[in-house]
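Along the sequence shown, residues carry numbers from 1. Only this structure's heavy atoms are used, side chains among them; waters, hydrogens and symmetry mates stay out.
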Amino acid sequence: MIEMIVMTVLLLLLGGFLWWGRKSIKTTRYFYWNKALPSALDGLRIVHLSDLQSEYFGKAQRRILEKTRAASPDLIVFTGDLTDRNHTDYQAGITLMEGLVRIAPVYYVDGNHELALPAEEISQMYDVLEGMGVVLLRDRATTFTKSGAPQMRLLGLSEETIYRAKISGGALREGEKCSREKVSDTEIDRQLVRECIAALLTDAGEGENAFTLLLVHEPQFLEVYAVPGINLIFAGHAHGGQIRLPFTQGLFAPGQGILPKLTSGMHQSGNSTMVISRGLGNSTFPFRVFNRPEIVVIQVESQQ
């Protein structure tokens with residue numbers, strides 16, 4: 001009898017721990033300093049969300065929206081996998097976006113799960129998002145202005161471009177959606193990606209010294225994205241390495257394999273800094289261990 005009670009308590013504790021690790025949202029705050037930043041952009045606050053994966057966090061996504069609103073963002077960026085190909089629920093993402101656009105301007109780039117879903121369904125979702133005011137940056141560029149400050153450029157590199165670069169570079173064969181043998185996907189056509197970024201920089205205009213954000217989904221190509229003119233890069237996809245142990249970036253991440261190097265936090269390459277979100281939801285593996293869902297808040301400053 002005592003053994004059964006102990007076992008029941010242990011199972012309840014384990015269940016509570018797994019629920020907490022999957023549904024309890026953490027807000028992570030970073031500061032980004034850049035001496036070349038126009039002083040009028042000092043204090044610009046960006047909320048970074050990623051990888052909802054069709055999950056819910058309270059009724060009408062209440063818990064995400066409350067924490068986002070508490071951060072008082074000037075703009076919100078979302079870096080892909082709003083929905084999930086394995087347990088697809090378009091309304092989960094649409095409900096989240098409906099709430100986010102009431103808080104601040106929202107800029108979105110797609111992820112590999114959107115790319116894997118039926119094109120007609122995804123197109124309909126994009127129409128709904130644009131109708132509510134979400135700015136879709138799928139191989140597109142735009143600008144943002146805060147209170148009369150110099151315009152900031154926002155670029156979005158679509159997952160479709162990354163997919164084409166993987167095929168061209170040899171990591172994937174035509175028709176494949178993921179790499180089974182070459183888990184790291186390192187054989188990407190770097191020139192194709194950089195040419196796309198260069199075209200987006202030209203489309204954005206505003207001069208070579210304009211402060212520039214690049215939204216992508218997959219973080220493992222940091223060195224490819226880090227071209228002159230790109231200041232901040234936002235990415236998701238890696239889910240924080242799923243199971244995080246001390247002194248690691250997690251145990252596994254898609255596109256990086258075992259013991260990945262780029263799953264969360266801030267990472268530097270040249271003059272570019274990448275901010276990686278651990279994401280909100282899950283896909284094939286349902287649990288997170290020491291790796292709670294995350295809302296990232298970046299405050300931009302001209303002086304340290």
Side-chain angles (χ1 to χ4, degrees), residues 19-30 43-85 87-111 113-114 117 121-138 140 142 144-147 152 154 156 159 213 215-217 234-237 239-240 275-283 288 292-300:
W19 184 93
W20 176 79
R22 181 175 176 177
K23 292 294 187 178
S24 174
I25 303 170
K26 178 181 180 181
T27 299
T28 305
R29 300 179 184 272
Y30 300 109
L44 179 79
R45 193 170 296 137
I46 304 167
V47 161
H48 178 202
L49 303 172
S50 193
D51 299 274
L52 181 68
Q53 309 287 164
S54 293
E55 293 205 20
Y56 286 89
F57 291 80
K59 185 178 180 180
Q61 306 291 13
R62 175 182 54 82
R63 296 202 301 277
I64 301 175
L65 296 174
E66 285 178 352
K67 287 183 175 290
T68 299
R69 190 176 293 108
S72 301
D74 296 294
L75 68 154
I76 299 166
V77 298
F78 194 101
T79 53
D81 286 0
L82 183 63
T83 189
D84 188 275
R85 66 171 177 251
H87 49 93
T88 308
D89 181 343
Y90 294 105
Q91 191 58 48
I94 290 170
T95 298
L96 175 62
M97 290 298 189
E98 283 176 334
L100 291 176
V101 294
R102 297 189 182 103
I103 298 173
V106 179
Y107 300 86
Y108 161 93
V109 75
D110 57 335
H113 279 258
E114 284 92 342
L117 285 162
E121 294 180 7
I122 286 297
S123 179
Q124 290 174 357
M125 185 185 80
Y126 291 156
D127 288 344
V128 172
L129 296 184
E130 285 191 302
M132 68 177 68
V134 177
V135 181
L136 306 187
L137 294 180
R138 300 168 56 243
R140 285 183 55 197
T142 189
F144 172 85
T145 300
K146 176 194 175 188
S147 303
M152 178 177 68
L154 289 100
E159 188 66 10
L213 311 184
L215 309 189
V216 300
H217 182 60
F234 292 88
H237 185 58
H239 293 253
V275 182
I276 306 173
S277 167
R278 297 203 304 267
L280 293 161
N282 300 284
S283 185
R288 290 167 171 257
R292 292 160 59 195
E294 180 179 53
I295 292 174
V296 175
V297 183
I298 298 290
Q299 186 155 320
V300 175

Paired with I46, the side chain to side chain contact (heavy atoms under 4.5 Å, CB included) test is passed by just one of I76, L213, V296, D74, namely L213
Answer yes or no: is there a side-chain heavy-atom contact under 4.5 Å between Q53 and N282? no
Atom CD of E98 and atom CG of L129: how far apart are they, to the nearest 0.5 Å? 9.5 Å
So which heavy atom on G236 is nearest to which on S50, and how close? CA-OG, 3.5 Å
Value rounded to 0.5 Å, distance of CE in M152 from CG in L154: 4.5 Å
Donor on one side chain, acceptor on other, Q61 and T95, under 3.5 Å: no
Rounded to the nearest 0.5 Å, how far apart are CG of L136 and CG of L215? 11.5 Å
Could you state the interatomic distance from CD (E159) to NE2 (H237), rounded to the nearest 0.5 Å? 6.5 Å
Side chain to side chain, Y108 and E114, heavy atoms closer than 4.5 Å: yes
After noting the C-alpha distance and the side-chain angles of V77 and L137, does the key distance pass the side-chain contact (heavy atoms from CB on, under 4.5 Å) rule? CA-CA 10 Å; V77 298; L137 294 180; over 6 Å; no
Could you check whether any side-chain heavy atom of D110 comes within less than 4.5 Å of a side-chain heavy atom of Y126, counting everything from C-beta outward? yes
Taking the side chain from H239 and the backbone from G281, do they hold a donor-acceptor pair closer than 3.5 Å? yes
Nearest atoms (heavy-atom pairs only) where T79 meets H217: O-ND1, 2.7 Å
From the list L96, I295, T27, side chain to side chain contact (heavy atoms under 4.5 Å, CB included) with T68 holds only for I295
If I take atom CZ from residue R63 and atom OG from residue S24, how far apart are they, to the nearest 0.5 angstrom? 8.0 Å
Heavy-atom distance under 4.5 Å between the side chains of L52 and I64, does that happen here? yes
When you compare the side chain of V47 with that of V297, does any pair of heavy atoms fall below 4.5 Å? yes
From Q299 CD over to R45 CZ, what is the distance, rounded to the nearest 0.5 angstrom? 4.5 Å
On a heavy-atom basis, the closest approach of E55 and A92 is O-CB, 3.8 Å
Please examine the side chains of L100 and L49, heavy atoms only from C-beta on, and report whether any two atoms are closer than 4.5 Å. yes
For H87 and S54 the tightest heavy-atom approach is O-CB, 3.4 Å
Ignoring hydrogens, what is the shortest heavy-atom contact between P73 and A104? Give both atom names and the distance. O-CB, 3.6 Å
Residues T28 and R278: closest non-hydrogen pair is OG1-NH1, 4.5 Å
Is there side-chain contact between F78 and M97, with heavy atoms separated by less than 4.5 Å? yes
With V128 as partner, the option from E130, M125, M132 fulfilling side chain to side chain contact (heavy atoms under 4.5 Å, CB included) is M132
Are V101 and V134 side-chain neighbours, meaning at least one heavy-atom pair lies under 4.5 Å? yes
